[in-house]
Structures are given as C-alpha cells and as structure tokens.
Amino acid sequence: MEAQNFILSLIKSALSHHVRMQTHALQDLRDALINRIHELGTEVKVENKIDINYQCDKEKCLVQWAQNSGAKTRLQIAYVEGAGRGAIAMEDMEVGDIAMEIPASIIISEDLVYKSDMYQVLEKIDGMSSETMSLLWSMKERHNCNSQFKMYFDTLPENFNTGLSFGVEAIMALDGTLLFEEIMQAKEHLRVQYDELFPALSKGHPDIFPPELYTWEQFLWACELWYSNSMKIMFADGNLKTCLIPVAGFLNHSLHPHIVHYGKIDSTTNSLKFRLSRPCSVGEQCCLSYGNFSGSHLITFYGFLPQGDNPYDVIPLDFEVDQVDTMMECPLSNWTTHMVRGTWLSENQNIFYYGLPSPLLDCLRSARSQMPFTKTLIKANMEVDKVLEDLQSTFNAMMENLSDVDSVDRESSSWDVKLASQFKEMQRRIVSSILTSCSTGIKLVEHELSKCKAEE
C-alpha cells in the first residue's frame with residue numbers, strides 16, 4: 001500500500017508536465033492503482049464493535065478544545081471493544097483525504113520545557129536528553145490546574161497497562177519467552193535512570209521538583225505516556241522532535257493502517273496533517289501505524305498485541321557457521337546473526353521456504369544449477385542439513401521452555417496475565433511453525449543427498 005501511494009504521488013506531480021497522450025496513460029495508471037488500493041482495503045477491513053455505554057465526555061471536550069485552537073477532524077472518539085478508545089470515521093473518505101489536522105500550536109514538544117523554570121536546572125545535567133526533560137515536565141504539568149493542556153491531561157488514564165506495569169504473576173507467566181527479558185531490562189534501565197535523578201533533584205530544588213510529584217510511580221506513568229503516545233515529528237524548521245499530539249493520540253495501531261505518512265509539519269498551514277493512504281468508510285475505525293514493531297515491543301511499550309499475524313514478529317538467534325569456500329562463493333560467513341521470522345503455515349504452502357534463512361536456499365539452488373551431482377553439491381547439502389538440525393535443536397529447546405498456556409484461566413485473570421498468556425501462545429505458534437519448516441527442510445535436503453550420492 002505504501003508503494004502504491006508513493007507511485008500515486010509521482011503521478012500527481014507528473015500529470016502537469018506531460019502532453020495529452022501521456023496524461024491519459026498516467027490517469028489510467030492512477031485509476032488502476034486506486035482500484036488496487038480499494039481491493040486491498042476490502043481484504044483487510046476489520047469490523048469493530050463500538051461500546052455505546054462509554055460516553056467519551058472528556059474526549060469530546062478535548063476535541064472541542066482542539067477545534068477552537070484550529071484543529072480539524074472528520075473522526076470522532078469512541079470506545080472500541082478490544083482496542084480501547086479509537087477514532088471512528090464520521091463520513092466516507094477516499095485516498096488522499098485528510099482525516100485529521102492538528103495545528104502546531106497545540107503540539108506538546110521540548111519547546112515547552114525550554115520556557116519552564118526547570119530548564120535552567122536540567123540543562124546543567126550531563127547527558128540530559130530533550131525526551132527526558134519533556135517527560136519530567138509532563139509529570140509536573142499533569143497536576144497544573146492552570147495548564148494550557150489541562151483538557152489533554154484530563155483524558156489520560158490513571159494506568160496505561162503496558163508491559164512496564166506487569167505484576168509479578170504476569171512476569172512469571174512469561175518465563176521462557178524473550179519478552180520476559182525485554183520487560184525486565186526495560187524496567188531496570190528506567191529504575192537506574194530514575195535513581196540518578198531523584199531524590200537529588202527534589203532535595204536540591206523542592207520548589208521546582210516537589211517530591212510528592214516525582215515518585216517512582218509517577219515517573220513510570222510518565223514513561224508509559226511518552227512511550228505509548230508520543231510521535232516523532234519533523235517541524236517546519238527541519239528539527240525532528242518527540243511530541244505528544246492531543247486528539248491524534250486516539251488513533252490506534254493496525255497492521256493494515258489507513259494512514260502511513262504523518263510525521264511532518266506542513267509549512268504552509270503550520271499543521272500536522274493525517275492523510276489517508278487507503279479509503280475509510282463511515283463508522284470504521286481509522287488507524288495508523290506505530291512502526292514495524294514486533295509483538296514483544298508492542299506489549300512492552302504500548303500494552304497490546306495487534307489483530308492478525310504480525311509479519312514483524314522475529315526471534316533473534318546467534319550461531320556460528322563455518323566458512324565454506326567451495327560452495328560457489330556462498331556468503332554463509334556473512335550471516336552468523338539472524339532474525340528468524342515465524343510464519344503461519346497452511347496446507348497449500350511450501351513450508352520449507354518459511355522461517356529459514358534464505359542464504360541456505362540460495363546456496364543449495366546455486367550449487368544445484370551450476371555444478372550438479374558433484375562432491376561440492378553433496379557438501380553443500382550436508383552443510384545445509386547441519387544448520388537445519390542446529391535450528392531444530394535450538395527451537396526444540398525453546399518449545400520446552402514455553403509451558404502450556406492452556407493452564408491459565410483467562411476469564412478470571414488480571415489484564416496483565418491475560419496479555420502475557422496471549423503472547424506466550426503466539427510464541428508457541430511461531431516456534432511450532434519454524435520446527436515444522438526445519439523438519440520438512442531436513443527431509444528435503446536428505447532426499448537431495450540421496451539423489452546426489454546415487455548419481456555420483
């Protein structure tokens with residue numbers, strides 16, 4: 001979809017510079033692309049159920065406040081079952097339509113810190129980043145009754161429910177998964193960062209950093225706010241800043257987003273425009289992409305797993321492969337570190353090609369096509385077979401560490417335990433698919449070996 005939208009932008013630019021015959025060809029190409037985008041939208045469209053009992057009064061006040069400041073929106077905020085608050089289309093919108101426009105004047109960025117009394121203190125601290133300063137500013141501004149952004153802070157939840165807030169039971173449920181390590185390392189990093197700042201700042205400047213507002217719990221809340229709601233925005237002066245965007249923060253993530261490009265301030269209007277990359281029908285939840293993140297990252301810093309099979313779920317592996325000079329200059333030595341993707345398999349797919357590093361297949365094909373039935377080919381097959389067996393052994397150990405998720409009573413479990421068990425079940429499916437691929441790959445390689453030896 002992103003590629004097709006890029007081509008559309010080129011066509012729009014080219015249409016004004018071509019003769020009539022070329023213009024017709026470009027318009028035909030544009031129409032064909034629009035049709036393909038419509039077809040894609042139909043395939044990936046998700047039916048969302050709106051909770052009509054959730055009134056969203058505070059959210060409506062925030063939208064009105066933003067509109068009074070110059071914001072424009074064709075979306076309304078509602079509570080979507082299974083997704084929390086989201087932005088729902090109030091009318092049918094097409095490719096290129098602007099679903100939401102937020103003026104730069106109400107975007108929360110580091111510029112607000114520079115105008116505050118805490119900046120003179122924070123700028124003297126070595127290694128103090130603008131993101132950390134913004135985080136500390138929001139901890140205090142959240143309780144400022146006279147804040148320009150009081151409407152915004154009033155809509156924020158008391159708890160963000162990300163992986164950083166997982167309790168002991170949820171952490172234990174993650175035992176055997178990579179997410180366990182990711183959450184523990186993230187929390188340890190944040191704790192070290194907090195201890196470097198407090199209580200020293202509160203003791204040295206109690207009027208600027210009141211100790212009751214700068215507790216560990218408040219710090220963790222602010223970290224979750226910025227992790228889960230901030231966006232990288234390129235301003236008209238060319239500076240890239242991490243910002244909080246009132247109203248736009250209600251746009252949820254999707255593997256098939258309606259909005260792909262949204263991170264640059266329009267210098268003409270001095271506003272941030274959220275332009276559609278695919279159609280959005282009235283009543284449909286309008287989504288954007290938070291980035292090409294794995295499920296573990298989304299849980300740790302955003303607190304959810306996306307609907308559908310995430311193509312960015314990866315399992316990092318480190319293993320050594322001996323240099324093989326005779327294998328048609330196959331670059332095995334160049335991929336000692338891999339990100340092996342899990343793929344959901346179906347009966348009509350060739351499972352050997354899923355979950356396995358492609359250099360192995362390239363080597364096998366190259367040797368097979370250029371030097372058939374030779375000792376080199378036999379050695380190539382044996383090397384591939386060895387790597388597949390090593391992969392199989394590694395993932396068998398992983399599967400043993402992933403205890404049975406069926407033992408978790410999801411109905412009575414807390415939100416974090418439910419999310420932890422959901423992630424663990426997903427990990428088991430990924431590992432299972434890769435084990436299936438390895439097993440089938442080994443059988444295929446052994447078959448190739450038998451043929452080569454027989455023909456030798």
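Remark: side-chain polar atoms of T440 are not paired, donor with acceptor, to backbone N or O of S437 under 3.5 angstrom. Looking only at distances, no side-chain donor or acceptor of K273 sits under 3.5 Å from a matching main-chain atom of I98.
Applying the side chain to side chain donor-acceptor pair (under 3.5 Å) criterion to N68, with sequence neighbours excluded, gives Q64. Evaluation of the ring pair (Phe, Tyr, Trp, His ring centres under 6.0 Å) rule for F301 yields Y227, H297 as partners, not counting sequence neighbours. In this view, S116 satisfies the side chain to side chain donor-acceptor pair (under 3.5 Å) rule with no residue, not counting sequence neighbours. S9 is linked by a side chain to side chain donor-acceptor pair (under 3.5 Å) to nothing, counting only residues two or more places apart in sequence or in another chain. In this structure E91 satisfies the salt bridge (Lys or Arg N to Asp or Glu O under 4.0 Å) test together with R74, sequence neighbours excluded. When the salt bridge (Lys or Arg N to Asp or Glu O under 4.0 Å) test is applied to K150, the partners found at least two apart in sequence or on another chain are D154. Here S165 pairs with E224 under the side chain to side chain donor-acceptor pair (under 3.5 Å) rule; sequence neighbours left out.
Shortest non-hydrogen contact noted between R278 and P257 is NE-O, 3.3 Å. M399 approaches R428 most closely through the heavy-atom pair CE-O, 3.5 Å. Residue A186 comes nearest to L164 through the heavy atom pair CB-CD2, 3.8 Å, listed as atom of the first residue, atom of the second, then distance.
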When you look at I108 and C243, which way does the side chain to side chain contact (heavy atoms under 4.5 Å, CB included) test go after all the steps? CA-CA 5 Å; I108 298 174; C243 307; 5.9 Å; no
Exercise for the section: I would like to know whether Q427 and N401 meet side chain to side chain contact (heavy atoms under 4.5 Å, CB included); could you show each step before the answer? Expected result: CA-CA 11 Å; Q427 287 283 282; N401 289 332; over 6 Å; no
* Asked: Which is it for L251 and L75 under the side chain to side chain contact (heavy atoms under 4.5 Å, CB included) test, yes or no, and what are the steps along the way?
  -> CA-CA 10 Å; L251 289 162; L75 309 171; 3.9 Å; yes
Assess whether side-chain hydrogen bond (donor to acceptor under 3.5 Å, both in side chains) is satisfied between W226 and S138, documenting all intermediate values.
CA-CA 9 Å; W226 283 85; S138 65; 3.1 Å; yes
- request: Take L298 and N310 through the test side chain to side chain contact (heavy atoms under 4.5 Å, CB included) and record every step on the way to the result.
  value: CA-CA 11 Å; L298 290 171; N310 186 355; 4.2 Å; yes
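Annotation: salt bridge (charged side-chain N to carboxylate O under 4.0 Å, His left out) contacts involving residues 287-296, sequence neighbours excluded, are absent. Pairs engaging residues 50-63 under the salt bridge (charged side-chain N to carboxylate O under 4.0 Å, His left out) rule: E59-R85 [sequence neighbours left out]. Applying the ring pair (Phe, Tyr, Trp, His ring centres under 6.0 Å) test to every pair with at least one member in residues 262-281, sequence neighbours left out, gives these pairs: Y262-F274. Residue pairs meeting the salt bridge (charged side-chain N to carboxylate O under 4.0 Å, His left out) criterion with at least one member in residues 240-252, sequence neighbours excluded: D111-K241. Residue pairs satisfying the ring pair (Phe, Tyr, Trp, His ring centres under 6.0 Å) criterion with at least one member in residues 34-70, sequence neighbours excluded, are listed as follows: Y54-Y79.
The residue from L33, I37, L276 that alone fulfils the side chain to side chain contact (heavy atoms under 4.5 Å, CB included) condition with N5 is I37. Only one option out of Y302, W221, F304, F166 pairs with F160 in a ring-ring contact (aromatic ring centres under 6.0 Å, His included); it is W221.
Heavy atoms of other residues, nucleotides or ligands lying less than 6.0 angstrom from CD of Q67 number more than 12.
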